[in-house]
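This report refers to the structure that appears directly beneath it.
All values derive from a computational prediction rather than experimental measurement. Residue numbers start at 1 and run along the sequence shown. Atoms within a ligand are numbered from 1 in the order they appear, just like the ligands themselves.
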Amino acid sequence: MNVLVTGGAGYIGSHTCVELLNAGHRVLVIDNLCRSNPEALNRVRKITGKELLFRRIDLLDYDPLLAALREFSPDAVVHFAALKAVGESVRMPLTYYENNLAGTLNLCRAMSAVNCKNLVFSSSCTVYGNPARVPVTEASPTQNAECPYGRTKLFVEEILRDAAAADAAWHIALLRYFNPVGAHPSGLLGEDPRGTPNNLLPYIALVAAGKLPELSVFGNDYPTPDGTCIRDYLHVVDLAKGHLAALDGLPRFAGARAWNFGTGAGVSVLEVIAAFASVSGKKIPYKIAPRRAGDVVATYADPTRAREELNWSAELPLAQMCADAWRWQTQNPDGY
Ligand code: NAD
Ligand code: WQD
């Protein structure tokens, strides 16, 4: 198939391009590079040995976007392009709503114009807010997400449900990722946050590399076995492969349908620290710091629906996530 990947120069998108190309698909990446480096695309080409088409286009620029879709004639679209920093979204909500919502509306309008109505959307477990019960199923309440970023995901999901309800030609997968971590085993692709990372794994990797002095553990007084928050970390390669399963599944499902993409296993912050120290052989100095505003105590997926309906399950263990993240860090100490 011809698959358009928006945001394909980013962390998850670049890993997904590898799997799409290796599966024999023809891929066009559209990305404005506001949060990524085109070198990631060269690494995808190097890993796969395949042609990867790229257009530097902002989804907010409708005319060049439509022209690119007319030229490429996609059979399906995987839509990663978004701003995704929680704290930044609190400081710049209008920027987030414009980029993430208007960008998606432009994309859907251009898709309709070229009669392509097969869409895989990057949603997030953030739509569940602070879940009252875990594991989280797709039927769990999508309460008020904790931040403007999370609300952009919630609103886009509702927009896509309405689009599908009005036109049965749309087949839309709403993929609610939990916590993607790790890197491609080649060490050529990985998470390349600009500045000091907000997320746990890339921060730990910098501490292990001696580039940051210590990790602040945001609270150890939560009602969990070791007092630290629990998350569902999944390997980014497992997640990338899940997008192929979602593309294959699209024709089998009418309308817009949500799937949780997680391992189903809850892991604490201290457990991640121990796993990373074990695979890297490095000490991870840390201190207990105050809780971080907006953190949920525990969230992890019930991945049953994806297993039964898409024949997809996350397979790679936490140790592999940490080992691959560490290889990326050591082979790319300054990112791309
Ligand atoms: P990322 O920032 O690495 O990639 C996003 C890409 O989109 C970047 O390359 C950026 O340049 C591009 N982009 C942003 N706005 C654009 C626009 N207007 N036009 C064109 N390109 C644009 O992020 P990621 O971690 O790869 O996440 C990909 C998707 O998955 C996002 O939608 C994110 O919200 C979602 N998601 C990520 C996580 C996570 O923990 N990484 C978890 C759940 C959901
Ligand atoms: C994980 C745990 C922190 C850093 C975020 C977004 C979410 C999604 C995934 C886009 C938490 C603790 C972290 C640190 C710490 N992104 N931590 N010290 O918050 O679960 O999810 O990324 O969709 O929307 O919110 O991930 O990696 O930031 O935190 O103690 O320096 O690690 O408190 O318990 P989070 P995270």
Closest to atom 31 (O) of ligand 2 among protein heavy atoms sits L215 CD1, 3.5 Å

Check whether the side chains of N260 and Y128 place a donor and an acceptor atom closer than 3.5 Å, and report yes or no.
yes

Could you verify whether a donor N or O on one side chain and an acceptor N or O on the other, from T137 and D302, lie under 3.5 Å apart?
no

Which residue and non-hydrogen atom of the protein lie closest to atom 4 (C) of ligand 2, and at what distance in Å?
N198 O, 3.3 Å

Is the shortest side-chain heavy-atom distance between L239 and I12 below 4.5 Å?
yes

Ligand-side contact atoms (ligand 2) for residue partner V86, heavy atom cut-off under 4.0 Å
6 (C), 25 (O)

Identify, for atom 35 (P) of ligand 2, the protein heavy atom at the shortest distance, and state residue, atom and that distance.
N179 ND2, 3.6 Å

For atom 18 (N) of ligand 2, which protein heavy atom lies nearest, and how many Å away is it?
S216 O, 2.8 Å

Can L206 be reached from Y233 by stepping across I, L, V, M, F, W or Y side chains whose heavy atoms are under 4.5 Å apart?
yes

Contacts for ligand 1, heavy atom under 4.0 Å, by chain and number, are G7, A9, G10, Y11, I12, D31, N32, L33, C34, R35, S36, I57, D58, L59, F80, A81, A82, K84, N99, S122, S123, S124, Y149, K153, Y177, F178, P180

For R231, the atoms of ligand 2 under 4.0 Å from one of its heavy atoms are 11 (C), 20 (O), 34 (O), 35 (P)

Classify the ring geometry of F276 against W326: parallel below 30°, tilted from 30° to 60°, perpendicular beyond 60°.
perpendicular

S124 heavy atoms, cut-off 4.0 Å: which ligand 2 atoms fall inside?
23 (O), 24 (O)

Does either side chain, that of D232 or that of T263, offer a donor lying less than 3.5 Å from an acceptor on the other one?
yes

Could you find the nearest protein heavy atom to atom 7 (C) of ligand 2 and give me its residue, atom name and distance?
T126 OG1, 3.6 Å

Would you call R45 and N42 a side-chain contact if the rule is heavy atoms closer than 4.5 Å?
yes

Are N220 and T228 linked by a side-chain donor-acceptor pair shorter than 3.5 Å?
no

Taking only residues two or more places apart in sequence, or in another chain, which ones meet N311 in a side-chain hydrogen bond (donor to acceptor under 3.5 Å, both in side chains)?
none

Any idea which atoms of ligand 2 are less than 4.0 Å away from a heavy-atom of C229?
34 (O)

Starting from atom 23 (O) of ligand 2, find the nearest protein heavy-atom neighbour and note its residue, name and distance.
Y149 OH, 2.4 Å

Would you tell me whether S122 and H79 have side-chain atoms, one donor and one acceptor, within less than 3.5 Å of each other?
no

Under 3.5 Å between any N/O of K84 and any N/O of ligand 2: does that happen in this structure?
no

Between K211 and D334 (salt bridge meaning N to carboxylate O under 4.0 Å), is one present in this structure?
yes

Can R231 be said to sit on top of Y300's aromatic six-ring, NZ or CZ under 6.0 Å from centre and within 45° of the ring axis?
no

Angle between ring planes, F80 versus H243, binned at 30° and 60°: parallel, tilted or perpendicular?
tilted

Just by distance, no angles: are the side chains of H184 and D324 close enough, under 3.5 Å, to form a donor-acceptor pair?
no

The answer for which part of Y177 has a heavy atom under 4.0 Å from ligand 2 is neither

Protein residue, atom and distance nearest to atom 30 (O) of ligand 2, heavy-atom basis:
F218 N, 2.9 Å

Starting from atom 3 (C) of ligand 2, what is the nearest protein heavy atom, named by residue and atom, and what distance separates them?
R292 NH2, 3.4 Å

Answer side chain, backbone, both or neither: which part of A289 comes under 4.0 Å from ligand 2, heavy atoms only.
neither

Against heavy atoms of V217, which atoms of ligand 2 measure under 4.0 Å?
30 (O)

Which bit of L200 is near ligand 2, meaning a heavy atom under 4.0 Å away: side chain, backbone, both or neither?
both

Find all atoms of ligand 2 within a distance of less than 4.0 Å from any non-hydrogen atom belonging to Y233, and give their numbers and elements.
1 (C), 2 (C)

Donor-acceptor side-chain pairing of E138 and W259 below 3.5 angstrom:
no

